[in-house]
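Below: the structure, in structure tokens.
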Amino acid sequence: MAPYIHATADVADSAQIGEGTKIWHQGQIRPGAKIGENCILGKGVFVDEGVQIGNNVKIQNYVSVYHGVTIEDGVFVGPHACFTNDMRPRAINPDGSPKAADDWEVSLTLVKSGAAIGANSTIRCGITLGNWAMVGSGSVVTRDIPDYGLVFGNPARLRGFVCPCGEKLEKVETKAGMVVAQCPRCAQKIEIDEKIWMEAK
């Protein structure tokens, strides 16, 4: 099925849009961006030059995904979330001249498969959000999140671990340096490194 692009959306000719993907009102997709199949990009979503987005991704209204961000399959990004890409942002150089394209260094960000980012969250550049990680609404994420990690707050801190179904995992046992955790909803068991488990507060 061909992608659907709303009449008010601005999609660059060199952007690649996968089958079944929908780009809604006033979205902007810049040159060289690559968006996979069966994605939904809500009203006012901005996807910068060269951004890579996988399949089955849902990005809600007014999210900004800047150059240097890679989003893998099945990721959810809540409304008004923002990704950054410059660790030392300035409008001008020390001599007062305007910053040019070569006057800064992009910091890469990776959001792994199945992760979910709550509304109004800010993701600092240069970090990785693990598989099935979950970010609470309004969080400011400044460091890596492990697989299945649940974080929230400003700055966001590791508060526990979640199942792919979204429920918080409960510890069942420890063996060979691994915590075996189980979902109280679907009963799935997941092994997490004991040292990482102990970091949750």
Side-chain angles (χ1 to χ4, degrees), residues 1-86 89 106-142 145 148-156 162-167:
M1 182 172 64
Y4 170 80
I5 299 173
H6 192 270
T8 62
D10 179 9
V11 178
D13 291 340
S14 61
Q16 299 179 45
I17 313 297
E19 292 186 0
T21 286
K22 295 179 174 65
I23 299 172
W24 289 101
H25 306 66
Q26 301 167 340
Q28 182 180 3
I29 315 299
R30 297 200 65 211
K34 184 176 181 181
I35 301 172
E37 299 178 358
N38 302 314
C39 296
I40 299 174
L41 278 65
K43 182 178 180 180
V45 170
F46 173 79
V47 178
D48 204 358
E49 180 177 353
V51 164
Q52 306 288 302
I53 296 174
N55 301 320
N56 303 311
V57 171
K58 186 171 185 178
I59 302 179
Q60 300 277 49
N61 296 358
Y62 299 108
V63 171
S64 296
V65 188
Y66 288 106
H67 177 62
V69 175
T70 297
I71 296 176
E72 294 185 346
D73 296 347
V75 168
F76 172 86
V77 185
H80 299 275
C82 184
F83 295 86
T84 65
N85 64 0
D86 189 350
V106 65
S107 293
L108 305 180
T109 300
L110 174 62
V111 184
K112 291 189 173 182
S113 296
I117 298 170
N120 291 301
S121 294
T122 299
I123 310 301
R124 197 208 72 182
C125 52
I127 63 175
T128 297
L129 281 62
N131 295 296
W132 299 107
M134 182 173 285
V135 177
S137 297
S139 297
V140 178
V141 183
T142 61
I145 304 174
Y148 308 103
L150 168 65
V151 305
F152 53 87
N154 180 6
V162 290
C163 177
C165 77
E167 195 73 22

Q | Given I71, V63, T122, L129, the one that forms side-chain contact (heavy atoms from CB on, under 4.5 Å) with I117 | A | L129
Search all heavy atoms of [X] against all heavy atoms of [Y] and return the closest pair with its distance.
X: V162; Y: G166; answer: CG1-O, 4.0 Å
X: G130; Y: A115; answer: O-CB, 3.7 Å
X: G36; Y: T21; answer: O-OG1, 2.6 Å
X: K112; Y: V75; answer: O-CG2, 3.3 Å
X: P3; Y: G18; answer: CB-O, 3.5 Å

Q. Got a donor-acceptor contact below 3.5 angstrom from the S139 side chain to the G153 backbone?
A. yes
Q: Without swapping roles, check the side chain of T84 against the backbone of I123 for a donor-acceptor pair under 3.5 Å.
A: yes
Taking only residues two or more places apart in sequence, or in another chain, which ones meet [X] in a side-chain contact (heavy atoms from CB on, under 4.5 Å)?
X: H6; value: Y4, T8, W24, H25
X: P31; value: A12, S14
X: V140; value: T142, N154

Indicate yes or no: at least one non-hydrogen side-chain atom of [X] is less than 4.5 angstrom from one of [Y].
X: I23; Y: I17; value: yes
X: F76; Y: Q60; value: yes
X: P164; Y: Y148; value: yes
X: P79; Y: Y62; value: no
X: T70; Y: V111; value: no

(Q) Run the salt bridge (Lys or Arg N to Asp or Glu O under 4.0 Å) test against E167 and tell me which residues pass, sequence neighbours left out. (A) R185
Q: Any pair with a residue in residues 45-57 that passes side-chain hydrogen bond (donor to acceptor under 3.5 Å, both in side chains), sequence neighbours left out, goes on the list, sorted by first then second residue, please.
A: R30-D48
(Q) Show every side-chain hydrogen bond (donor to acceptor under 3.5 Å, both in side chains) that has at least one partner inside residues 71-82, sequence neighbours left out. (A) E72-S113
**Q.** Set of residues satisfying ring pair (Phe, Tyr, Trp, His ring centres under 6.0 Å) with respect to F46, sequence neighbours excluded
**A.** Y66
Distance in Å, [X] [atom1] paired with [Y] [atom2], rounded so as to fall on 0.5 Å steps:
X: S107; Y: H67; atom1: OG; atom2: NE2; value: 10.5 Å
X: F83; Y: C125; atom1: CZ; atom2: SG; value: 11.5 Å
X: N61; Y: L41; atom1: CG; atom2: CG; value: 10.0 Å

Q: Take N85 and V69 through the test side-chain contact (heavy atoms from CB on, under 4.5 Å) and record every step on the way to the result.
A: CA-CA 8 Å; N85 64 0; V69 175; 5.6 Å; no
Q: Evaluate the criterion side-chain contact (heavy atoms from CB on, under 4.5 Å) for residue pair I40 and I59; output intermediate values, then yes/no.
A: CA-CA 6 Å; I40 299 174; I59 302 179; over 6 Å; no
Q) Could you give all pairs that pass the salt bridge (charged side-chain N to carboxylate O under 4.0 Å, His left out) test and reach residues 6-22, with sequence neighbours left out? A) none
